[in-house]
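These numbers were taken from a predicted model, which means no experiment stands behind them. Only heavy atoms go into these numbers, but all of them, side chains included; no hydrogens, no water, no symmetry mates. To find a chain, count down the sequence lines: A is the first, B the second, and so on, and within it residues start at 1.
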There are 2 protein chains.
Amino acid sequence: MESYHNHCCSQNHEKGCNHQDRCISIVPIFNHLEDEQMDEILNVVRSVTYKKGEFIYRQGESSDSLYIIHSGKVRIYRLSESGKEQVLRILNPGDFTGELALFKEGTHETYAEAMVDSSICLINRDDLQQFLMKYPSISLHILSEFSNRLEQTEKQTARFATEKVETRIALFFADCMDKESKSNAIELPMSRKDLASYLGTTPETLSRKITELEKDGYIKQRSNKIIEIIDLDELLLV
Amino acid sequence: MESYHNHCCSQNHEKGCNHQDRCISIVPIFNHLEDEQMDEILNVVRSVTYKKGEFIYRQGESSDSLYIIHSGKVRIYRLSESGKEQVLRILNPGDFTGELALFKEGTHETYAEAMVDSSICLINRDDLQQFLMKYPSISLHILSEFSNRLEQTEKQTARFATEKVETRIALFFADCMDKESKSNAIELPMSRKDLASYLGTTPETLSRKITELEKDGYIKQRSNKIIEIIDLDELLLV
DNA sequence: CTATTGAATTGATTTATATCAATTTTTTTG
DNA sequence: CAAAAAAATTGATATAAATCAATTCAATAG
């Protein structure tokens with residue numbers, strides 16, 4: 001069993017967002033708005049900081065806010081029916097979460113845990129819905145974001161269903177390359193344990209497969225987090 | 001390799017929607033609207049029929065419409081990177097698809113194939129976006145629908161990642177029971193071959209596991225499509 | 001209604017990956 | 001910086017599920 005620390009949240013630093021601290025201006029779903037509209041939203045946004053290991057929300061809790069990552073890193077995971085943990089995604093600044101419980105009735109199906117000290121912006125459910133009715137273009141941006149997520153998740157599902165672990169690892173590396181195409185090296189966005197969970201395998205198997213890929217000359221482990229991709233095309237044929 | 005028939009579509013019966021044929025009135029994302037607004041939308045909706053085996057769209061095609069199932073049954077599937085087919089979902093009357101390519105740039109990532117003769121309503125991309133800007137509540141309904149789908153897909157991903165085939169089958173049966181709780185029997189919504197694909201396994205393994213569940217007294221196969229659930233609670237502990 | 005085709009089942013075998021256990025390496029903390 | 005804890009690796013083994021092949025069963029067309 002994992003041991004995620006459940007710190008007390010009472011000492012969280014909570015304050016209204018001020019204009020220097022434009023937490024929402026980095027968010028794709030809002031940053032297209034006029035300054036005036038942005039200010040209006042900023043008035044109802046609260047900012048909360050979470051220490052490493054603290055939970056933004058837990059599975060089963062009811063939801064009333066949209067959470068936007070201002071700084072830090074958040075792990076979203078769920079516990080499956082049989083109680084095993086599965087990492088769904090890692091949120092970085094500009095990403096948001098909590099929307100599932102916002103637009104439908106029901107409770108959170110996932111856990112959101114701060115991986116490092118993180119600053120999160122909150123928008124209340126009612127406030128958000130009012131803005132969506134007032135500024136319909138925000139909805140279109142959220143719909144676009146949802147579409148991307150849905151597609152991403154469906155792709156991941158198909159990979160689990162049809163590809164073997166080695167291929168899933170290769171495809172994950174390829175995805176990372178797309179995002180940071182600057183160099184031919186990628187930085188793993190999470191620990192091996194989390195990556196194993198994300199890829200639907202075990203740390204042991206992940207370790208072995210990575211070693212194997214290195215032996216076959218497709219990749220090179222520069223450090224624990226940095227992996228150099230030597231031959232992406234060949235890697236994808238694995 | 002599968003052999004999905006690629007009929008010629010030229011003989012499709014295409015017509016504007018009239019008011020007797022309120023294809024969109026059965027759709028959760030529209031049926032909350034005033035009659036007046038509904039009429040307005042009906043004016044831009046087209047209706048197209050597809051014969052069994054025909055494709056509504058294919059992976060890689062660009063998209064410009066939202067497709068709403070009026071009658072019939074549609075299979076959505078994708079081909080994974082290695083070329084294997086994975087059934088993602090089966091659409092029934094009232095369900096819609098095509099939205100992914102509608103709200104983001106890019107092409108379809110999936111195939112939509114009529115499993116039986118089906119009547120589909122189309123709404124053009126630009127028309128839809130205009131309505132969303134004019135009647136923001138529609139967006140909220142689509143967002144709600146997206147949320148459900150996203151949650152469903154993430155749940156499925158987690159099941160692939162953490163549960164063995166036998167458990168996935170049991171959970172699928174349980175989901176079916178939720179939907180048709182009237183009796184203690186369920187009707188499989190697709191062929192065994194498709195179900196195997198949907199559950200990320202092979203027809204052979206599916207067949208064996210179902211036989212096993214029957215031997216152990218959890219279920220009883222009434223016919224090929226009808227399965228009686230004898231002990232759901234025990235089934236879920238498998 | 002029978003013949004043909006495709007779907008589903010059953011059997012034998014192989015393969016990928018999980019599991020259990022023991023080290024080694026890395027990170028954290030006092 | 002040293003000690004402790006956690007993470008990652010490596011090895012040996014067990015197991016679930018895929019694959020290949022053969023039959024049986026069900027659906028469809030002539």
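- In summary, Arg78(A) and Glu154(B) do not engage in a salt bridge, as defined by a charged side-chain N under 4.0 Å from a carboxylate O.
- Here the C1' atom of nucleotide dT15(C) and the CD atom of Glu212(A) are 13 Å apart, to the nearest Å.
- Residue Ser207(B) places its side chain closer to dT10(C) than to any other of dT10(C), dT9(D), dA7(D).
- Put simply, NZ on Lys52(B) is 12 Å from P on dG6(C), counting in whole angstrom units.
- Remark: P of dA8(D) and CG of Leu188(A) are 10 Å apart, rounded to the nearest angstrom.
- Lys155(B) has no carboxylate O lying under 4.0 Å from a charged side-chain N of Glu81(A), or vice versa, which leaves the two without a salt bridge.
- Regarding contacts with the backbone of dT9(C), a side-chain N or O of Gln221(B) is found under 4.0 angstrom from either OP1 or OP2.
- Every residue was checked against the ring-ring contact (aromatic ring centres under 6.0 Å, His included) condition with Tyr218(B), not counting sequence neighbours, and none meets it.
- Rounded to whole Å, atom P of dT9(D) lies 12 Å from atom NZ of Lys215(A).
- Atom NZ in Lys193(B) sits about 15 Å away from atom C1' in dA26(D), given to the nearest Å.
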Can you give me the N/O atom pairs linking the protein to nucleotides 16-22 of chain C at distances under 3.5 Å, or say none if there are none?
{"residue": "dT17(C)", "atom": "OP1", "partner": "Val165(A)", "partner atom": "N", "Å": "2.7"}
{"residue": "dT17(C)", "atom": "OP2", "partner": "Lys209(A)", "partner atom": "NZ", "Å": "3.4"}
{"residue": "dA18(C)", "atom": "OP1", "partner": "Thr201(A)", "partner atom": "OG1", "Å": "3.4"}
{"residue": "dA18(C)", "atom": "OP2", "partner": "Thr201(A)", "partner atom": "OG1", "Å": "2.8"}
{"residue": "dA18(C)", "atom": "OP2", "partner": "Thr202(A)", "partner atom": "OG1", "Å": "3.4"}
{"residue": "dA18(C)", "atom": "OP2", "partner": "Thr205(A)", "partner atom": "OG1", "Å": "2.6"}
{"residue": "dT19(C)", "atom": "O4", "partner": "Arg208(A)", "partner atom": "NH2", "Å": "2.8"}
{"residue": "dC20(C)", "atom": "N4", "partner": "Glu204(A)", "partner atom": "OE2", "Å": "3.2"}

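- Remark: C1' of dC25(D) and CZ of Arg192(B) are 12 Å apart, rounded to the nearest angstrom.
- The CE-P distance, from Met190(B) to dA7(C), rounds to 16 Å in whole Å.
- No salt bridge links Arg168(A) with Glu163(A); every basic N to acidic carboxylate O contact stays at or beyond 4.0 Å.
- At a threshold of 4.0 Å, the pair Lys73(B)-Asp95(B) does not count as salt-bridged, since none of the basic side-chain nitrogens sits closer than that to a carboxylate oxygen.
- Aromatic ring centres of Tyr77(A) and Tyr198(A) lie farther apart than the 6.0 Å criterion allows.
- Between the C1' atom of dA17(D) and the CD1 atom of Ile210(B) lies a distance of 15 Å, rounded to the nearest Å.
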